[in-house]
Protein chains: 2
Amino acid sequence: MPKLGMEPIRKEALVKATIVEIGRVGSLDVTVSQIAKRAGMSSALAHHYFGSKEEMFLAAMRHIMTLYGAEVRGALSVAEGPEGRIRAILRASFSPGNFRREAVGAWLNFWVLAQTVPAARRLLAIYQGRLRSNLVSALRPLAGDRAEGIAESLGALIDGLYLREVLKSGAPDGAAAVELALRHLEAELKRGAV
Amino acid sequence: MPKLGMEPIRKEALVKATIVEIGRVGSLDVTVSQIAKRAGMSSALAHHYFGSKEEMFLAAMRHIMTLYGAEVRGALSVAEGPEGRIRAILRASFSPGNFRREAVGAWLNFWVLAQTVPAARRLLAIYQGRLRSNLVSALRPLAGDRAEGIAESLGALIDGLYLREVLKSGAPDGAAAVELALRHLEAELKRGAV
DNA sequence: TTTTTTGTTGATTGACGAGTCAATAAACTT
DNA sequence: AAGTTTATTGACTCGTCAATCAACAAAAAA
């Protein structure tokens, strides 16, 4: 039965199952057995490949960040002009994918995890650093040396809008969030122009 | 031994202990025994008064919101002028108390809870509604009919800044967050003035 | 062909935890 | 004084779960 080269396949299946289960339960209170079952293997095998549940969470976190990063890069690659690049980042940040149950569960719970697990905090810092550098490079032509400050508030606004869309009752509205963020940007630019 | 009228005293002790324990552990993975021990009683008594752990969490959540509400009201009561009132709300939102371990743990975990527990979601909605109405009433004299829109983005910015301050490594800087939010407000007002 | 490496699981361990219950005791009521 | 309500806990039930282990299977290496 055993086919060789299963490790990456199994790991990927486990990572995806982890994210789905966190989304389904809404917390990190998922059992290794649940995850393993969804990934189509025994819990012993999950432990064999990841060693511990925490390692599985961190791998899942990396995967979520990678997905988001890819989404941003993809949107940036077809964007034109500085404002187009900002729009691209915003649209990627508020894309329907990020409002799916699994993504929401992942983000909220990873924030909780980052409180106490240094590795998780580091991952978040990397993600924020990348977002920030993308924003700054797009803002530079528009705002000059005020790019850093605007990137900071815009980044915070993105997180805050995401949080609110996700926790409000009713369907989240990504497009509205994009518009609101763009209005903020416009205001900041105008303020600097005087 | 038993003195009468213990119920409110015990409940209050349990609520406070719940918040402290959530902050200490960083997650909702706290046991009723831990909480009861910190509150100086047996776990059976905790169950006697609250029935279930979830009820304890909700009571703790209500307590945190009440504290925050009181802080805002207190700051508003001595504020002068519309801009002073905005400043007061911001300072209360980014006060040192809100950056204490317990408060941070409470907020992050309550967001997670709000995903799946309707009662928690309702509580958050109430808090957001109050914040919003405070912001709108302070903004009205400054921004007229644009008050609602600005309140929305300012509210999101508050949440986002809080999240970032709380998750970044190093000591949180509430004053910087206040300044950043005020700059955003100024930009929005200027934008409307033209 | 023996040996080693890789894949895989059922069964088990050892620990922990939410919620219940019976029992005890003090205070308050009638 | 007898009965009721309120306070309180130790002991217990019943369940769960992370992690380990022994054992088996197949492919690759020797």
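Numbers restart at 1 for each chain; the letters A, B, ... are given by sequence-line order, proteins then strands. Since the structure is predicted, the reported quantities are computational estimates derived from the model, not experimental observations.
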Rounded off to whole Å, could you give me the [atom1]-to-[atom2] distance for the [X] and [N] pair?
X	N	atom1	atom2	result
B:Met6	D:dT6	CE	P	15 Å
A:Lys53	D:dT16	NZ	P	15 Å
B:Leu45	D:dA11	CG	C1'	16 Å
A:His48	D:dA25	NE2	P	17 Å
A:Glu21	D:dC17	CD	C1'	15 Å
B:Met41	D:dA7	CE	P	12 Å
A:Phe50	D:dA18	CZ	P	15 Å
B:Glu7	C:dC28	CD	P	17 Å

Comparing nearest nucleotides in DNA chain D, the 5'-proximal residue of the pair A:Glu54, B:Ser43 is B:Ser43
Given [options], identify the nucleotide with an atom nearest to the side chain of [X].
X	options	answer
B:His47	C:dT20, D:dA7, D:dT9	C:dT20
A:Leu4	D:dA27, D:dT8, D:dA18	D:dA27
B:Thr31	C:dG19, D:dA18, C:dG17	C:dG17

Is there a side-chain contact between A:Val30 and A:Phe57 (heavy atoms, below 4.5 Å)?
-> yes
State yes or no: are the ring centers of A:Trp107 and A:Tyr127 separated by less than 6.0 Å?
-> yes
Are A:Arg10 and C:dT8 close enough that a side-chain N or O sits under 4.0 Å from OP1 or OP2?
-> yes
D:dT6 OP1/OP2 closer than 4.0 Å to side-chain N/O of B:Tyr49 = no
Answer yes or no: is there an ion pair linking A:Glu102 with A:Arg24, defined by an N-O contact shorter than 4.0 Å?
-> no
Any link between A:Ile35 and A:Met6 through a network of hydrophobic side chains (Ile, Leu, Val, Met, Phe, Trp, Tyr) touching at under 4.5 Å?
-> yes
Path from B:Leu67 to B:Val72 over hydrophobic side-chain contacts below 4.5 Å = no
Closer to the 5' end of DNA chain C via nearest nucleotide, is it A:Ala44 or B:Ala44?
-> A:Ala44
